[in-house]
Amino acid sequence: MNESNSPSNFIRDIINEDLARGTHTSVMTRFPPEPNGYLHIGHAKSICLNFGLARDYNGVCNLRFDDTNPAKEEVEYVDSIKEDVRWLGFDWEDREYFASNYFEQLYQYAVHLIEAGKAYVDSLSAEAIRDYRGTLTESGRNSPYRDRSVEENRNLFERMRAGEFPDGAHVLRAKIDMAAPNLSLRDPTIYRIRKIAHHRTGDQWCVYPLYDFAHGLSDSIEGVTHSICTLEFENNRALYDWFLDNLPVKNRPRQYEFARLNLTYTVLSKRKLLKLVQENIVEGWDDPRMPTLSGLRRRGYTPDAIRNFCDRIGVAKRDSTVDLALLEFSIREDLNDRAPRFMGVLNPLRVVIENYPEGREETLEAMNHPTDERFGTREVPFGKVLYIERDDFREDPPKKFFRLAPGREVRLRYAYFITCVDVVKDPDTGEVVELRCTYDPATRGGNAPDGRKVKSTIHWVAADHAIDAEVRLYDRLFTAPDPEAAGEGDFRVCLNPQSLETLTACKLEPGLGQLEKGTTVQFERMGYFCRDIRDDAPDHPVFNRTATLRDPWAKIDRQQKQATRATS
RNA sequence: UGGGGCGUCGUCAAGUGGCAAGACACAGGGUUUUGGUCCCUGCAUUCGGAGGUUCGAAUCCUCCCGCCCCAGCCA
């Protein structure tokens, strides 16, 4: 039955059993976002779970917008949600539903409850209702309006719908048990008056159902079999069941809860993400530092990488926090296979090849992928003046530094061996501004006929053909593994000041000029970079760093620097 | 102090009475015209703790400890 390579989990166990026992003959799930924000990587977990289950069990998964609160919801969000789910690779076909489609049916269900003496109109204020609810350890008290007659309740509820009362004047409550130890059973509110236009139903309604009432019944209306939500709804399950038990429903869905995704160095709550956007801490919902799907997309993440990540993290009931390194691993793994290689110099250092003939130019052949020849090859221009990465040269090379240094020979990738013969510095600042090198013409293409080896191969770009570009180096948004805890409510105290470093003087090999927006490539030795879809212009290429490559040298370098700091 | 959940490697996570999968991370080594990729190797005598049942327990029982969720007319 399970034909995918998605790992098993407790929900699959339940479905297997339901199918084996004949409780269900088919599976229907649903992804039920509230259109009040953009989707993030945590939603991706839910999407992959729900759509993945439908796919593997030959069932279907509906997309249903849980739009019962007109005060918070907007069409902008429904549009972005659809785009993101589609981008992730899932298809809800014609099953695009809205809880608001069921408002009339839901209203009738509420009337049914009233007529059965199981719901009443309460006229207590919000504060009074809270007061009457009791506490975690003390039971609540019945509202003085709890025993209104069916007639009176029906009449009042009709007039609520008709708009006769202002917001807050009355609510409809389920009559359950004010002494229930489970607070969600203490006569929960199921309808409130909200004289606000709804993004889909306009001003057709001024009473709106609450989540607990609308959700399970919407599941039932659609024929959902397994309604999967996150752990914080476990207490609500009793209420979910109560409505289904007390109303004449045709289908009987069951709710199951799994642990929501937490990621280190990341916040994943819509409220907090909204705050990052509203306070301009980031540049929008699709800022490449955001864990939103639109942000990850703009960063250069692929749907495959995200889906693989979701498969790897599993589905269970215990609260957990996944290491951000696993997400990074997933994108590197995917991009390693599919990203064509190029050379790009981020922090250029000018190099003049002294023995290379003045005015001469040649093109060299480079592989577009080191192990997959289907990517083919390309020509890269070479000349007397080049740029190399500033980090690839050290005047006083520390131990284990294999790259260029005075007197040292390295290989220019796909080109020649060069040796540094002189260092030119700015007379005022002492800054290295140029390297004078010699090349060995016999090493064209990168191999020495005499078999001699070099310890390092570095990337380069020919000065005369380089294109100028802006490159944005992104890093984690927070410095603390748990930004929520670290900030004690204010996660802004642990914002990473280096989460964005903009480099404006980058030199890229000419082939990169034609690269389509939104495509991700590897700048050899530097990482994966995605051509920006928003700020890029023909005369102003912009690249976003998707991820760095694994970089053992960076670690060694850091350790060495720490060691010298400790001894001095 | 009420109710609902959860505790297996640094982080995720299999395991459902027969003797601790896998992944990431980490640490070594090999290959390499990316200090990338790839390939080897190592990494829980132990499953929150203590008792008990059993020939045998992470799995069953008892007690204890810890963590999460619930007092919106939010979802």
Side-chain angles (χ1 to χ4, degrees), chain A residues 7-9 13 32-34 36 66 68-69 71-72 122 124-126 129-131 133-140 167-173 180-186 188-194 208 210-212 214-215 229-238 257 259 261 264 270-271 311-330 332-333 336-337 341 343 366-367 369-371 400-403 411-415 417 443 445-447 453-459 481 522-527 548-557:
Chain A
S8 192
N9 57 54
D13 292 344
E34 182 190 13
N36 69 341
D66 227 328
T68 56
N69 186 352
K72 292 187 178 176
D122 198 350
L124 248 24
S125 68
I129 286 177
R130 190 186 319 127
D131 192 50
R133 187 155 28 232
T135 68
L136 295 178
T137 53
E138 305 159 50
S139 69
D167 286 15
H170 308 283
V171 292
L172 185 70
R173 293 228 259 168
N182 179 345
L183 268 49
S184 61
L185 259 19
R186 317 243 264 227
T189 300
I190 59 180
Y191 264 91
R192 75 305 214 177
I193 300 170
R194 278 275 180 289
Y208 293 94
L210 275 91
Y211 168 84
D212 286 307
H215 199 90
C229 62
T230 45
L231 252 28
E232 65 271 27
F233 291 98
E234 271 175 326
N235 295 312
N236 303 233
R237 191 174 63 235
E257 311 87 10
L261 173 67
T264 55
K270 280 200 222 170
R271 218 194 85 245
D311 277 346
R312 263 190 275 258
I313 58 179
V315 176
K317 293 201 70 149
R318 77 182 77 111
D319 292 306
S320 58
T321 302
V322 174
D323 194 336
L324 185 60
L326 187 59
L327 216 212
E328 290 172 345
F329 168 81
S330 298
R332 286 194 190 107
E333 168 191 62
N336 179 56
D337 290 343
R341 316 286 134 125
M343 292 193 285
M367 288 188 290
H369 191 103
T371 55
K400 292 186 182 167
F401 181 86
F402 303 147
R403 280 109 95 147
R411 171 167 42 234
L412 293 179
R413 177 136 239 226
Y414 299 125
F417 285 12
T443 58
N447 283 305
K453 304 288 184 199
V454 287
K455 295 197 78 174
S456 169
T457 299
I458 65 174
H459 60 280
Q522 185 190 108
F523 290 176
E524 291 209 39
R525 305 203 310 132
M526 300 309 285
T548 60
L549 261 23
R550 278 187 65 232
D551 188 0
W553 164 248
K555 193 175 292 183
I556 294 168
D557 194 34

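Chain A is the first sequence line, chain B the second, and so forth, proteins listed ahead of strands; every chain is numbered from 1. These numbers come from the heavy atoms of this one structure, side chains and all, not from hydrogens, waters or symmetry mates.
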Discussion item. H170(A): which residues meet the ring pair (Phe, Tyr, Trp, His ring centres under 6.0 Å) condition with it, sequence neighbours left out?
Written reply: F165(A)

Among all residues two or more places apart in sequence or in another chain, which pass the side-chain contact (heavy atoms from CB on, under 4.5 Å) test with [X]?
X       : result
R413(A) : M343(A), T457(A), W460(A), E524(A)
T443(A) : Y416(A), F417(A), D440(A), A448(A), R452(A)
A316(A) : none
D337(A) : none

Please give, in whole Å, the distance from [N] [atom2] to [X] [atom1]?
X       : N      : atom1 : atom2 : result
I129(A) : C74(B) : CD1   : C1'   : 15 Å
L172(A) : G72(B) : CG    : P     : 19 Å
N235(A) : C74(B) : CG    : C1'   : 16 Å
Y211(A) : C74(B) : OH    : C1'   : 11 Å
E524(A) : U34(B) : CD    : P     : 8 Å
E138(A) : G2(B)  : CD    : P     : 13 Å
L231(A) : G4(B)  : CG    : P     : 15 Å
K400(A) : G35(B) : NZ    : P     : 16 Å

Given that both distances must come in under 3.5 Å, which nucleotide forms a Watson-Crick or G-U wobble pair with [N]?
N      : result
G17(B) : none
A71(B) : none
C6(B)  : G66(B)
C12(B) : G22(B)

Expressed in whole Å, how much space separates the [atom1] atoms belonging to [N] and [M]?
N      : M      : atom1 : result
A27(B) : U8(B)  : P     : 25 Å
C6(B)  : G15(B) : P     : 15 Å
G56(B) : G18(B) : P     : 15 Å
C24(B) : A14(B) : C1'   : 15 Å
G28(B) : C61(B) : P     : 45 Å
G35(B) : G30(B) : C1'   : 15 Å
G10(B) : C73(B) : P     : 43 Å
U46(B) : C65(B) : P     : 25 Å

How long is the gap from [atom1] on [X] to [atom2] on [Y], to the nearest 0.5 Å?
X       : Y       : atom1 : atom2 : value
I129(A) : L124(A) : CD1   : CG    : 5.5 Å
T68(A)  : L210(A) : OG1   : CG    : 6.5 Å
E328(A) : R550(A) : CD    : CZ    : 12.0 Å
F329(A) : N336(A) : CZ    : CG    : 10.0 Å

Counting the atoms with a prime plus P, OP1 and OP2 as sugar-phosphate, which does [X] contact under 4.0 Å by heavy atoms, base, sugar-phosphate, or nothing?
X       : value
F233(A) : base
L124(A) : base
S184(A) : nothing
D212(A) : nothing
T321(A) : sugar-phosphate
N236(A) : base
F401(A) : base

Item to complete: State, to 0.1 Å, how close R318(A) and A259(A) come at their nearest heavy-atom pair, and which atoms those are.
Response: O-CB, 3.2 Å

With a cut-off of less than 4.0 Å, is there a side-chain N or O of [X] near OP1 or OP2 of [N]?
X       : N      : value
T264(A) : U11(B) : no
R133(A) : G72(B) : yes
R237(A) : C70(B) : no

Counting only side-chain heavy atoms from C-beta out, which of [options] sits nearest to [X]?
X       : options                : answer
E234(A) : G4(B), G35(B), A75(B)  : G4(B)
D66(A)  : C12(B), A75(B), C70(B) : A75(B)
R194(A) : A75(B), C74(B), C12(B) : C74(B)
R130(A) : C74(B), C24(B), A71(B) : A71(B)
L326(A) : C24(B), G3(B), A71(B)  : C24(B)
K555(A) : C12(B), A27(B), U1(B)  : A27(B)

Discussion item. By a 5.5 angstrom centroid cut-off and a 30 degree plane limit, is there stacking between W553(A) and G35(B)?
Written reply: yes

Donor-acceptor contacts, no H, no angles, side chain residues 231-238 of chain A, under 3.5 Å, sequence neighbours left out:
unit_1	atom_1	unit_2	atom_2	d
E232(A)	OE1	T230(A)	OG1	3.1
E232(A)	OE2	T230(A)	OG1	3.0
E232(A)	OE2	R260(A)	NH1	2.6
E234(A)	OE2	K317(A)	NZ	3.0
R237(A)	NH1	E257(A)	OE1	2.8
R237(A)	NH1	E257(A)	OE2	2.6

Worksheet entry | Contact letters for nucleotides 36-43 of chain B, in which S counts primed atoms plus P, OP1 and OP2 and B counts the base, heavy atoms under 4.0 Å | BS------

Worksheet item: Considering residues at least two apart in sequence or located in another chain, which fulfil the salt bridge (Lys or Arg N to Asp or Glu O under 4.0 Å) criterion with R403(A)?
Response: D392(A)

Enumerate the protein-to-nucleotides 13-15 of chain B contacts in which both atoms are nitrogen or oxygen and the separation is below 3.5 Å.
unit_1	atom_1	unit_2	atom_2	d
A13(B)	OP2	R318(A)	NH1	3.1

Worksheet item: Is G72(B) in the syn range, within 90° of 0, or in the anti range?
Response: syn

Discussion item. Looking at R403(A) and G35(B), is any side-chain donor or acceptor paired with a base atom of the opposite kind under 3.5 Å?
Written reply: yes

Worksheet item: With a 4.5 Å heavy-atom cut-off, do Y211(A) and E34(A) have their side chains touching?
Response: no

